Student: 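Before I ask anything, let me first share the structure, which is written out below as structure tokens.
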Amino acid sequence: MRLSMYDTASREVQEIAPGKDSISMYCCGPTVYRDAHVGNLRTFILSDLIQRTLKLQGSTVALIQNITDVGHMADDVTVEDKVLQQAKKENIDPFEIARKYEAKFHHDLALLNIEPAAKYPRASETIDLMQVMISKLIKNSFAYVGSDSNVYFSVKSFASYGAISGNRIDSLQPGHRYEYLDEGGKLFHADWALWKSAGDRTQMIWDSPWGPGFPGWHIECSAMSMDLLDNHVDIHVGGIDLRFPHHENERAQSNAMTQSESVALWVHGEHLLFEGRKMSKSAGNVILLSDITARGIDPLALRLVIQENRYRSQMDLTWDSIESAFITLKRWRMKVEMWGSSLIVKKDEEIYESFMNDLDTPRVIQRLRTLERDLTISDEIKRAIFLYADQVLALDMHVAKRLLALPKNCEALLEERKIARANKDWARSDALRDELGELGIHVSDTSAGQEWDFA
Ligand code: AMP
Ligand code: ZN
């Protein structure tokens with residue numbers, strides 16, 4: 001039995017790359033103008049679950065995940081590049097913004113035990129690939145230069161448009177979100193820009209055969225996936241909001257260029273809500289991984305609670321559910337340590353089949369809960385099965401006491417204590433040590449300065 005997953009295009013659960021040992025995978029990456037929130041992280045965990053499950057079945061995986069550092073417009077009204085908008089707000093260079101949030105993205109992935117992709121190509125460094133692809137699309141009459149010097153994909157040239165989302169060309173109404181207000185030069189309202197003319201924009205622009213400008217967002221994923229994965233993607237992953245127009249447009253571009261079905265399976269993760277509502281700045285409920293660690297909670301508690309839900313269902317995250325996952329995680333780690341010290345893993349058929357059956361992680365976790373209580377199974381076997389499941393769940397179950405990132409508020413207290421000691425203010429230094437102790441941080445003074453650990 002091999003991994004099968006729900007394909008949005010065929011609306012069926014299908015085996016991934018039947019008969020192939022080496023599997024190509026693409027996951028739409030972050031737009032690096034802000035920290036990833038826990039919703040974004042749910043989608044990146046989904047990609048990791050797929051990669052790890054494919055490895056569990058014995059396949060090798062070539063995963064590519066792009067970094068969008070140019071071309072993703074904020075919305076259809078302001079039409080400003082998300083990265084440039086943030087650069088203005090923070091008053092720093094847009095590439096500095098992009099690199100800052102890219103580094104934070106990698107940091108979050110590491111805290112969540114997400115295995116790195118083979119490559120993380122940046123849009124801004126793939127401009128030549130995109131231009132080659134756009135030129136081919138123009139040559140083959142799938143794209144044209146508009147009266148405003150933008151290059152557009154001609155949706156009417158691509159007969160099977162709408163196969164993923166069900167949004168067929170004749171049902172697309174003018175004035176919807178897929179069209180931008182500054183795209184007056186196109187022939188048909190649902191055409192989209194592959195290349196945008198610089199206009200009065202001066203940053204993040206490149207020369208091109210169609211004049212200075214910058215790429216549209218959708219073309220980057222086509223250019224990167226087709227170039228780096230040899231014109232065929234076995235499994236393509238992203239959040240459900242990307243189904244249309246992003247993936248529909250990506251499919252049109254890639255299929256038009258390769259004259260084949262470029263992606264075998266389109267997998268979409270459902271959205272994460274926080275305390276019953278869509279996460280948004282205006283609602284004030286955008287939760288970051290750092291908000292979780294600031295409460296002294298292991299980031300892998302987030303991974304556990306996400307995996308307690310099926311990727312295809314909308315999920316409502318709450319502080320209570322994160323905290324109760326943290327309690328389970330600590331108990332499991334303690335028990336796994338109590339059950340022995342061997343790193344041997346033992347395959348459990350029910351767990352294997354649950355992973356392979358469209359990533360039924362809730363069932364895997366249920367099985368672990370049952371095993372935990374089962375008095376007929378020896379401790380060694382329990383430990384070996386927990387470690388087997390952990391190859392995919394990636395909860396560090398073999399590490400009884402995991403080092404966590406230092407909570408934010410403790411960082412400031414440690415800094416203040418350092419200054420108090422430099423000023424020989426021993427009373428303040430001791431008071432701060434007590435305060436940190438209450439927050440679960442043990443401070444000791446060594447010849448190299450103060451050091452901390454979890455109490
Ligand atoms: P972005 O950085 O906004 O381009 O999004 C990165 C990934 O996160 C994409 O695959 C999105 O579909 C996904 N995503 C955005 N919001 C959510 C959410 N609330 N829950 C799950 N995934 C999301
Ligand atoms: Zn994409």
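Predicted model, so just to flag it, every value in this text is computed and none were measured. Both counts, for ligands and for their atoms, begin at 1 and track the order of listing.
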Student: Salt-bridged, Asp191 to Lys156, with N to O below 4.0 Å?
Tutor: no
Student: Grab the two heavy atoms, one from Ser160 and one from Arg168, that are nearest each other, plus how far apart they are.
Tutor: O-NH1, 3.6 Å
Student: Which atoms of ligand 1 are found less than 4.0 Å from any heavy atom of Asp241?
Tutor: 11 (C), 12 (O)
Student: Please list, in number order, the atoms of ligand 1 under 4.0 Å from a heavy atom of Gly239.
Tutor: 10 (O), 12 (O)
Student: List the residues meeting side chain to side chain donor-acceptor pair (under 3.5 Å) with Glu250, not counting sequence neighbours, and say none if there are none.
Tutor: His236
Student: Is it the case that ligand 1 has an N or O less than 3.5 angstrom from some N or O of Asn40?
Tutor: yes
Student: Given a threshold of 2.8 Å, state how many protein N/O/S atoms are nearer than that to the Zn ion (ligand 2).
Tutor: 3
Student: Any atoms of ligand 1 less than 4.0 Å from a non-hydrogen atom of Leu272? List them with their elements.
Tutor: 18 (C), 19 (N), 20 (N), 21 (C)
Student: If the plane angle is over 60° it's perpendicular, under 30° parallel, otherwise tilted; pick one for Trp266 and His247.
Tutor: tilted
Student: Short list, please: which atoms of ligand 1 are under 4.0 Å from a heavy atom of Pro30?
Tutor: 2 (O)
Student: So, the side chain of Thr328 versus the backbone of Ser324: is there a donor-acceptor pair under 3.5 Å, distance only?
Tutor: yes
Student: Does the plane of the ring in His218 sit parallel, tilted or perpendicular to the ring in Trp192? Use 30° and 60° as the thresholds.
Tutor: perpendicular
Student: Say whether Cys28, considering both its backbone and side-chain N or O atoms, lies within less than 3.5 Å of an N or O atom on ligand 1.
Tutor: no
Student: For atom 22 (N) of ligand 1, which protein heavy atom lies nearest, and how many Å away is it?
Tutor: Thr43 OG1, 2.8 Å
Student: When you measure from atom 17 (C) of ligand 1 to every protein heavy atom, which one gives the shortest distance, and what is it?
Tutor: His271 NE2, 3.2 Å
Student: Does any N or O of ligand 1 fall below 3.5 Å from an N or O anywhere on Phe44, backbone included?
Tutor: no
Student: Do NZ/NE/NH1/NH2 and the carboxylate oxygens of Glu349 and Lys347 come within less than 4.0 Å?
Tutor: yes
Student: Provide, to 0.1 Å, the distance between atom 2 (O) of ligand 1 and the closest protein heavy atom, together with that atom's residue and name.
Tutor: Thr31 N, 3.0 Å
Student: Is any N or O atom of Glu270, backbone or side chain, closer than 3.5 Å to an N or O atom of ligand 1?
Tutor: no
Student: State whether Arg251 and Glu261 are salt-bridged, where the test is any N-O pair (Lys NZ or Arg NE/NH1/NH2 against Asp/Glu carboxylate O) under 4.0 Å.
Tutor: yes
Student: Per the salt bridge (charged side-chain N to carboxylate O under 4.0 Å, His left out) rule, what does the pair list look like for residues 36-63, sequence neighbours excluded?
Tutor: Asp48-Arg52, Asp48-Arg303, Arg52-Glu115, Lys55-Glu115
Student: If you measure from the Lys or Arg side-chain nitrogens to the Asp or Glu carboxylate oxygens, is any gap between Glu90 and Lys100 under 4.0 Å?
Tutor: yes
Student: Below 4.0 angstrom, N of the basic side chain to O of the carboxylate: do Asp396 and Arg333 qualify?
Tutor: no
Student: Is there a nitrogen or oxygen of Gly39 sitting under 3.5 Å from a nitrogen or oxygen of ligand 1?
Tutor: yes
Student: Which atoms of ligand 1 sit under 4.0 Å from any heavy atom of Arg34?
Tutor: 3 (O)
Student: Taking only residues at least two apart or on different chains, which pairs with a member in residues 36-59 satisfy ring pair (Phe, Tyr, Trp, His ring centres under 6.0 Å)?
Tutor: Phe44-Phe105
Student: Should you measure from each heavy atom of Leu242, which atoms of ligand 1 turn up under 4.0 Å away?
Tutor: 9 (C), 10 (O), 12 (O)
Student: Is ligand 1 under 4.0 Å from a heavy atom in the side chain of Lys278, in the backbone, in both, or in neither?
Tutor: neither
Student: Are the charged groups of Arg99 and Glu102 less than 4.0 angstrom apart, N to O?
Tutor: yes
